[in-house]
Amino acid sequence: MYNAVKIENKWRKIWEKSGIYRTKDKIKGKKNFYHLVMFPYPSGNLHMGHWYNYAPADVYARFKRMSGFNVLSPIGFDAFGLPAENAAIKNKIHPRAWTYKNIASMKKQLKSMGNVYDWSREIISAAPDYYKWTQWMFLKMYEAGLAEKKRTLANWCPKDQAVLANEQVINGRCWRHPETPVIQKEIEQWVLKITDYAEELLNGLEHIDWPARTKLMQKNWIGKSEGAVIKFPISQFLNKKYIEVFTTRPDTVYGATYLVLSPEHPLAESLATNDQKESVRHYITNAHLKTELERTSLDREKTGVFTGSYAANPVSGAKIPVWISDYVFVTYGTGAIMAVPAHDERDFEFAKKFNLPVVKVIDSGRNWPDSKPYAEGGLLINSGEFTGLESAEARKEITKWLKSKNLGDFSVQYKMRDWIVSRQRYWGAPIPVVYCKKCGIVPVPENKLPVRLPSLKNFKPVAGGKSPLARSKSFVNTRCPKCKSKAVRETDTLDTFVDSSWYFLRYADPKNKKYFAGAEKLKDWLPVDMYIGGAEHAVMHLLYSRFFVKALKTMGYLGFDEPFGALRHQGIILGEDGQKMSKSRGNVVNPDDLVKKYGADAARMYLGFMGEYSQGGPWSATGILGVKRFLDRIYNKFSIFNSQFSKAEKNGDFAKLLNQTVKKVGEDIENFNFNTAVSALMILFNRMEKTPVSKNDAETFLKLLCPFAPHIAEEIWHIIGNKKSIHLRSWPKFDLRLLEVGDYDLVIQINGKMRDKITVPKSLERIEIEKIVLNRDAIKKFTAGSEPKKVIFVPGRLINIVL
RNA sequence: GCGACCGUGGCGAAACGGCAGACGCACCAGCUUUAGGAGCUGGCGCCGCAAGGCGUGGAGGUUCGAAUCCUCCCGGUCGCACCA
C-alpha cells in the first residue's frame with residue numbers, strides 16, 4: 001500500500017515548480033486544442049459535483065496533450081452573485097471578502113485534484129479588470145441596439161428581492177428558492193435582445209457537436225412557430241382599427257367565434273363597454289395579484305370576462321364578441337388570440353364554460369360529438385370559397401387572401417423572450433449608464449470603465465425594489481458624460497449570467513488591458529474545442545453564451561459564431577442512498593476526505609470507473625476501494641518487485657493484449673467512455689501481474705494509466721528509472737498487425753444456438769477457413785448427418801448451421 | 001398533457017444484430033498465525049445433486065440469429081408546460 005497523500009503532494013509541488021502545465025499560445029508543429037470546464041461559483045467548498053465535472057474532464061485534457069495537441073485547460077471563478085451578498089448580510093462580512101476567502105480555499109481544493117490547469121490564466125469575474133469588459137460588452141450591445149431599457153412585467157423573486165430572467169424561473173418558482181413562487185412585477189428593466197438572434201440560435205444548433213437532448217431543449221425553448229397574424233376589425237379605439245391575433249391555424253379562421261385578449265393587452269381595459277367596465281377592471285386587477293404559479297396552474301378552471309365589445313371576423317364578416325382571459329399571454333404573439341372552439345382544446349373549454357358558439361370548419365372524417373374538439377388538420381368545411389381545401393394548403397391560401405386585403409400576413413413567432421439582465425443587488429457588475437435630465441440615458445465612456453462597485457456596509461435591498469447601490473450617494477451622484485451637468489448612475493447590476501457569457505474568451509488573453517482579448521490570441525484558441533459541464537445550464541448559460549458570441553460576431557469582434565464546438569455533460573453523483581446529496585439528508589460525500597483517505601488518483605479513477613459519464617449515479621464507498629486496491633497492486637508490482645523486468649515479447653498473446661488496450665483506452669477516452677477505459681486497464685494489468693513484463697511494456701501501461709492517475713503514474717515512472725515527467729511523453733501507438741496475431745475462437749451454432757467452439761488461426765484467409773470449416777463432412781459432424789438448409793459464416797465470429 | 005431518454009445478476013455496470021453478465025463491488029470457501037477497510041487462490045445470473053432447463057420490464061413482430069431493430073403495453077428519469 002502506497003502513501004497517496006505524500007506522493008501526490010510531492011509531485012504537485014514538482015509540477016508547479018517546473019511549470020509543465022503552463023500553456024503557450026503557439027507551439028510549432030502542434031495544433032491548439034481549447035479544452036474547457038465550466039468555471040465554478042466560489043461557494044467555498046468543492047463538492048462531488050465539481051469533482052465529477054473536472055476529474056474526468058482532466059483525463060480527457062491529458063489524453064489530448066499526450067496525443068500531440070497544445071492543450072489549453074484554464075480555470076477561474078464565476079465570482080459575482082447573490083450568495084456572497086446574503087452571507088454578507090448574515091455574517092457581517094463584505095461580499096468581496098467572503099468571495100475571495102472562498103476562492104482561496106477552493107483553489108487549494110482544486111489543486112489537490114492534480115489537474116493540468118494553467119493557473120497563470122486564472123480569471124475572477126468579480127475583479128475590476130474582468131468586469132470592466134463585461135460592462136464594455138454591455139455598452140457595445142447598447143450601441144448596437146441590442147440592449148435597451150423597457151418597462152415590462154418581470155419575474156420577481158420576493159426572497160431575492162430581485163428580478164429573474166425567464167430562464168431562471170422553474171415551474172413558476174425561483175431557481176435558487178424552489179419553495180418561493182415568483183410574482184409578476186412591472187418595473188423598468190434593462191433587457192438584452194436575444195430574440196433578435198432567435199433564428200440564428202436555432203439554425204446554429206445544426207452544426208455543433210452537442211448532446212441531442214441539449215440541442216432539443218434549446219430548440220424547444222426558442223419555440224419557433226409559423227403561422228399568420230390576422231387583423232380583426234373593431235370600431236375604432238385609441239386610433240386602432242383592428243385587434244391583431246397570431247395563429248398557427250389560419251385555416252380555421254372561419255371557425256373563429258370570439259376573440260380573447262390577455263389581461264395586459266393594451267386594449268383590454270379600453271374595450272370595456274360601460275356596463276362591463278367594472279367587471280373588466282376587477283378581472284384585470286385580480287390577474288395581476290396572482291403569482292405566476294397560480295396563473296398558469298393547469299388544473300384550475302379557466303376564467304374570463306366579456307368586454308362588451310365586438311369585432312368582425314375578417315373572412316366571414318360575422319360579429320364576434322371580445323373577451324379577456326388570463327389563458328392568453330401578453331408576452332407571446334400579439335397578446336390576443338382568435339378562438340376556434342371547434343378545433344382547439346383550450347378555446348373549447350372556455351366556450352363551453354361561457355356558452356360561446358362552436359362552429360366546425362374542418363371535416364374530421366367522423367361524426368364527432370361536441371364533447372371534444374378536433375385539433376388535427378383535414379378538409380375545410382363551412383369556409384366560403386376555401387371549402388374543400390386541405391388544411392396545409394388552406395393555411396397558405398387564406399393567409400395570401402388576407403394579405404391581399406391588408407387583413408393579415410404570414411408570421412413567425414418565438415416563445416423565447418428577451419433576456420432581462422438588471423438585478424437589484426449589490427454584488428454584480430454595475431450597469432454602466434448614467435441618467436441625465438437633459439441627455440437621457442448616457443453610456444459611460446469607454447475610458448471611464450470600469451464603473452467600480454463602491455464600498456458599502458449595508459447590503460440589504462432598498463425598499464421599493466432598488467439595489468443597495470442606491471444607498472451610496474457618492475456612487476449615485478455623478479456628472480453627465482455628455483453635458484457635464486448633474487446626473488445619476490444606474491444602480492442595478494448585471495445578471496451574473498452576463499459575466500459567464502463571455503469568460504471563455506478572456507482565458508485566451510486574460511491579462512490584456514486594451515481589449516477583452518487580443519484578436520491574434522482569439523484566433524489561436526477559439527472557439528472552444530471541447531466544453532464539459534452540467535446539463536442544467538442548457539437554456540441558461542449555454543444559450544446566453546451562444547447569443548453573446550453571435551452578437552459579438554455581428555459587431556465585428558469575433559470571427560466565429562458558435563462558442564463551443566463540442567459539448568459533453570457529466571451526470572449527477574447521488575448519495576449512497578440514491579438520493580440527491582444534501583446536508584439535511586446527511587449523505588454528502590466530501591471529496592477532501594477521499595483525497596486524504598485514498599488519494600486524488602483513486603478518486604479521479606473511480607469517478608471515471610463508476611459508470612456512464614453522462615449518467616452519474618449513486619456514490620459507493622466500497623467501489624472506490626476497488627480502484628484504490630488496483631492502484632496499490634500497480635505500485636507493489638513496480639516499486640517492490642522492480643527488478644523483475646523481462647525481455648520484450650514481440651508477438652505473443654501479451655503483445656496482442658497490450659496493443660488492444662492501447663487502442664481501446666485511447667478510443668474510449670476520446671468517446672468519454674471512461675468506465676470501459678479503466679476496465680481495459682484492469683484487464684491488462686491483471687495479466688501483467690501474473691507474468692514478468694519488459695520495462696518498455698510497463699512504460700506503455702503507465703502512459704495509459706497516467707491521465708487517470710497522474711501522481712502514481714509519475715511516481716512509478718521515476719522509480720523505474722525515468723528522469724523527465726511522464727506527462728511530457730506522448731500517447732503510445734498501437735500496431736494494427738499485432739491486433740491480428742494469434743488464434744481466435746469460432747462459435748458453431750445450430751439454428752442460432754451455440755453448440756461448439758473451434759480454434760482457428762487468425763492468419764488464415766477466409767477461403768481457407770471455408771475450405772476447412774465449411775465442408776460438408778465437417779458440418780455433418782455437428783448435425784448428426786443431416787443436410788443443412790443454409791450455413792451462415794461470419795468471419796472471426798461464428799458459423800451458424802440452419803437445419 | 002407534449003417531447004426526449006432509459007429499464008440487463010444482490011449492487012455499479014459490459015456487450016460491431018452473433019458465446020449475455022467483461023471489469024469492479026458485495027458475498028461464499030480455502031490458503032497465509034492474518035488486529036489495517038491487508039494479501040493470495042477459487043467460486044459467484046436463476047432453478048436443479050446432476051444432466052439440463054430458464055433468463056436482458058411485459059406481450060407480439062422482423063431475422064438463420066435480438067439486450068440490441070419495429071409495434072403496443074407497463075415502469076422510471078429529465079425537460080417543457082394554456083405559447084394559440
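Keep in mind the model is a prediction, meaning the values are calculated, not measured. The chains referred to below are lettered A, B, ... by the order of the sequence lines, with proteins before strands, and numbering in each begins at 1.
Ranking B/C40, B/A15, B/C23 by closeness to the A/Phe609 side chain, first place goes to B/C23. Side-chain atoms of A/Tyr598 lie closest to B/G37 of the nucleotides B/A81, B/G18, B/G37. The nucleotide whose nearest atom lies closest to any side-chain atom of A/Ser225 is, among B/A84, B/C40, B/C23, B/A84. The A/Glu689 side chain lies nearest to B/C40 when the options are B/G18, B/C40, B/G79. With B/C23, B/G18, B/C64 as the candidates, the nucleotide lying closest to the side chain of A/Ile683 is B/C23. You'll find that the side chain of A/Arg633 is closest to B/C40, out of B/C40, B/A84, B/C64. Across B/A26, B/G65, B/A4, the shortest atom-to-atom separation from the side chain of A/Asn800 is found for B/G65. Among the nucleotides B/A26, B/C40, B/C64, the one closest to any side-chain atom of A/Arg629 is B/A26. Of the candidates B/G24, B/A84, B/C64, the closest approach to any side-chain atom of A/Met682 belongs to B/G24.
B/G3 and B/G9 have their C1' atoms separated by 33 Å, given to the nearest Å. Remark: the separation of the C1' atoms in B/C44 and B/A38 is 22 Å, to the nearest Å. If you take atom P in B/U41 and the same atom in B/U32, they sit 15 Å apart, rounded to whole Å. For the C1' atoms, the distance linking B/A13 with B/A67 amounts to 14 Å, nearest Å. With both ends at atom C1', the span from B/C31 to B/U77 equals 47 Å, rounded to whole Å. Atom name P, nucleotides B/U68 and B/G57: the rounded distance is 8 Å, in whole Å. Comparing the P positions of B/G30 and B/G36 gives an interatomic distance of 23 Å, to the nearest angstrom. Taking atom P on both nucleotides, B/G45 is separated from B/U56 by 16 Å, rounded to a whole Å.
The side chain of A/Thr622 contributes no N or O atom lying less than 4.0 Å from OP1 or OP2 of B/G37. Phosphate contact (OP1/OP2 of B/A22, side-chain N/O of A/Arg687, threshold under 4.0 Å): absent. Phosphate proximity of B/A84 to A/Tyr327: absent, as no side-chain N or O sits under 4.0 Å from OP1 or OP2. In this model, the phosphate group of B/A14 is approached by a side-chain N or O of A/Asn675 to a distance below 4.0 Å at OP1 or OP2. Within the structure, a side-chain polar atom (N or O) of A/Asn686 is placed less than 4.0 Å from OP1 or OP2 of B/G24. Residue A/Arg213 has no polar side-chain atom (N or O) positioned under 4.0 Å from OP1 or OP2 of B/U77.
Closest-nucleotide positions on RNA chain B for A/Lys690 and A/Gly335 were compared, and the one nearer the 5' end corresponds to A/Lys690. Checking A/Val678 against A/Leu216, the closest nucleotide of RNA chain B that is more toward the 5' end is the one next to A/Leu216.
Looking only at distances, no side-chain donor or acceptor of A/Arg604 sits under 3.5 Å from a matching main-chain atom of A/Gly599. Looking only at distances, no side-chain donor or acceptor of A/Asn155 sits under 3.5 Å from a matching main-chain atom of A/Val182.
In this structure, A/Gln218 places its CD atom 18 Å from P of B/A4, rounding to the nearest Å. In this structure, CG of A/Leu631 is placed 16 Å from C1' of B/A38, rounded to the nearest angstrom. One interatomic measurement links the two molecules: NZ of A/Lys219 to P of B/C78, which rounds to 23 Å at whole-angstrom precision.
Side-chain contact, A/Tyr327 with A/Asp347: a donor N or O sits under 3.5 Å from an acceptor N or O. Using modelled atom types and a 3.5 Å distance limit, the side chains of A/Tyr283 and A/Thr303 yield a donor-acceptor pair.
The residue A/Thr331 sits apart from the nucleic acid: no heavy atom pair falls under 4.0 Å. Within 4.0 Å of A/Val245, counting heavy atoms only, lies no atom of the nucleic acid at all. Among the atoms of the strands shown, none is found under 4.0 Å from any heavy atom of A/Tyr606. Base contact: A/Gln749 has a heavy atom under 4.0 Å from a base atom.
The partner of B/A15 is absent, by the rule that a Watson-Crick or G-U pair needs both atom distances under 3.5 Å. Shown here, B/A22 forms no base pair; nothing in the strands shown gives a Watson-Crick or G-U wobble contact with both key distances under 3.5 Å. When Watson-Crick and G-U wobble pairs are counted only if both distances are under 3.5 Å, B/C54 pairs with B/G45. Using Watson-Crick or G-U wobble geometry with both donor-acceptor distances under 3.5 Å, B/U71 finds its partner in B/A59. Across all strands shown, B/C80 forms a Watson-Crick or G-U wobble pair with B/G1, both key distances being under 3.5 Å. Base pairing of B/U32 is not made with any nucleotide, judged by Watson-Crick or G-U wobble geometry with both donor-acceptor distances under 3.5 Å.
A donor-acceptor contact under 3.5 Å is not formed by the side chain of A/Glu345 with the base of B/G1. For a distance-only test at 3.5 Å, the side chain of A/Lys628 fails to qualify as a donor-acceptor partner of the base of B/G37.
Residues forming a side-chain hydrogen bond (donor to acceptor under 3.5 Å, both in side chains) with A/Lys219 (at least two apart in sequence, or on another chain): none.
With a 4.5 Å cut-off on side-chain heavy atoms, A/Met416 and A/Leu201 count as touching. Counting heavy atoms from C-beta outward, A/Ile230 and A/Pro314 have side chains that approach closer than 4.5 Å.
Within a 6.0 Å sphere centred on NZ of A/Lys353, other residues, nucleotides and ligands contribute more than 12 heavy atoms.
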